[in-house]
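Just so it is clear, the structure is predicted and the values come from calculations on it, not from any experiment.
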Amino acid sequence: MIYMKYLLNIFLILIFSHSTWADDISSNGLICEIEQNQSKRAPNKKLIYHFDSGNVYAVQVSKQNSPITINKILVSEYRYDNEKIYWEGENPAKTIKYYAEVNRLNHILQLEYFFVSGSKTEDSTKKSMYCNLLNWNEIESSINN
């Protein structure tokens, strides 16, 4: 009986510690600045990603209208371990595929872009950039300012 109690306690600790650790990613996001004219294949703008319930979303901001329009576009599922968060994505035309990896300690985003032509993958472009890890409310606030 005592062993069952200990096993139950260990089981509950493992469940709650894993949930807590997972929640430090979910509902948060990244705002990353890209230097202009670094690459012809990679976008020249600010990248914003939002992590929610195992999915990563690219955040698009349109400041042409008032109020500002914020759209979230599902990229893929993300995976993580103690050191990094990683996912794959592609542009809407499916001509560029990328692999993304964020270091959880220093928030450096590593992107590797591949131009996809038919069944062949040609030339890759790698980028590194520093990002701010923020919760969604902080991201919205920074967009609206």
To the nearest 0.5 Å, tell me how far Ile70 CD1 sits from Ile143 CD1. 4.0 Å
Please check if the side chain of Ser76 supplies one atom and the backbone of Trp87 the other of a donor-acceptor pair under 3.5 Å. no
Walk me through it: do Leu133 and Val102 pass the test side chain to side chain contact (heavy atoms under 4.5 Å, CB included)? CA-CA 10 Å; Leu133 181 67; Val102 179; over 6 Å; no
Between Tyr113 and Tyr98, how do the two ring planes meet: parallel, tilted or perpendicular, split at 30° and 60°? tilted
Would you name the heavy atoms of Trp136 and His50 that are closest together and state the gap between them? CE3-CD2, 3.5 Å
Okay, side chain of Ser128, backbone of Gln110: is any donor-acceptor separation there less than 3.5 Å? no
If you define the side chain from C-beta out and look only at heavy atoms, does anything of Glu33 sit under 4.5 Å from Met129? no
Residues in salt bridge (charged side-chain N to carboxylate O under 4.0 Å, His left out) with Glu90, at least two apart? Lys94
Transitive ILVMFWY cluster of Tyr130, excluding itself - 4.5 Å side-chain cut-off: Ile108
Output yes when a side-chain donor or acceptor of Glu138 lies under 3.5 Å from a complementary backbone atom of Asn135, and no otherwise. yes
Sorted by first residue and then second, give each ring-ring contact (aromatic ring centres under 6.0 Å, His included) pair with at least one member in residues 56-77; sequence neighbours left out. none
Quick one: OH on Tyr49 to CD1 on Ile73, what's the gap to the nearest 0.5 Å? 11.0 Å
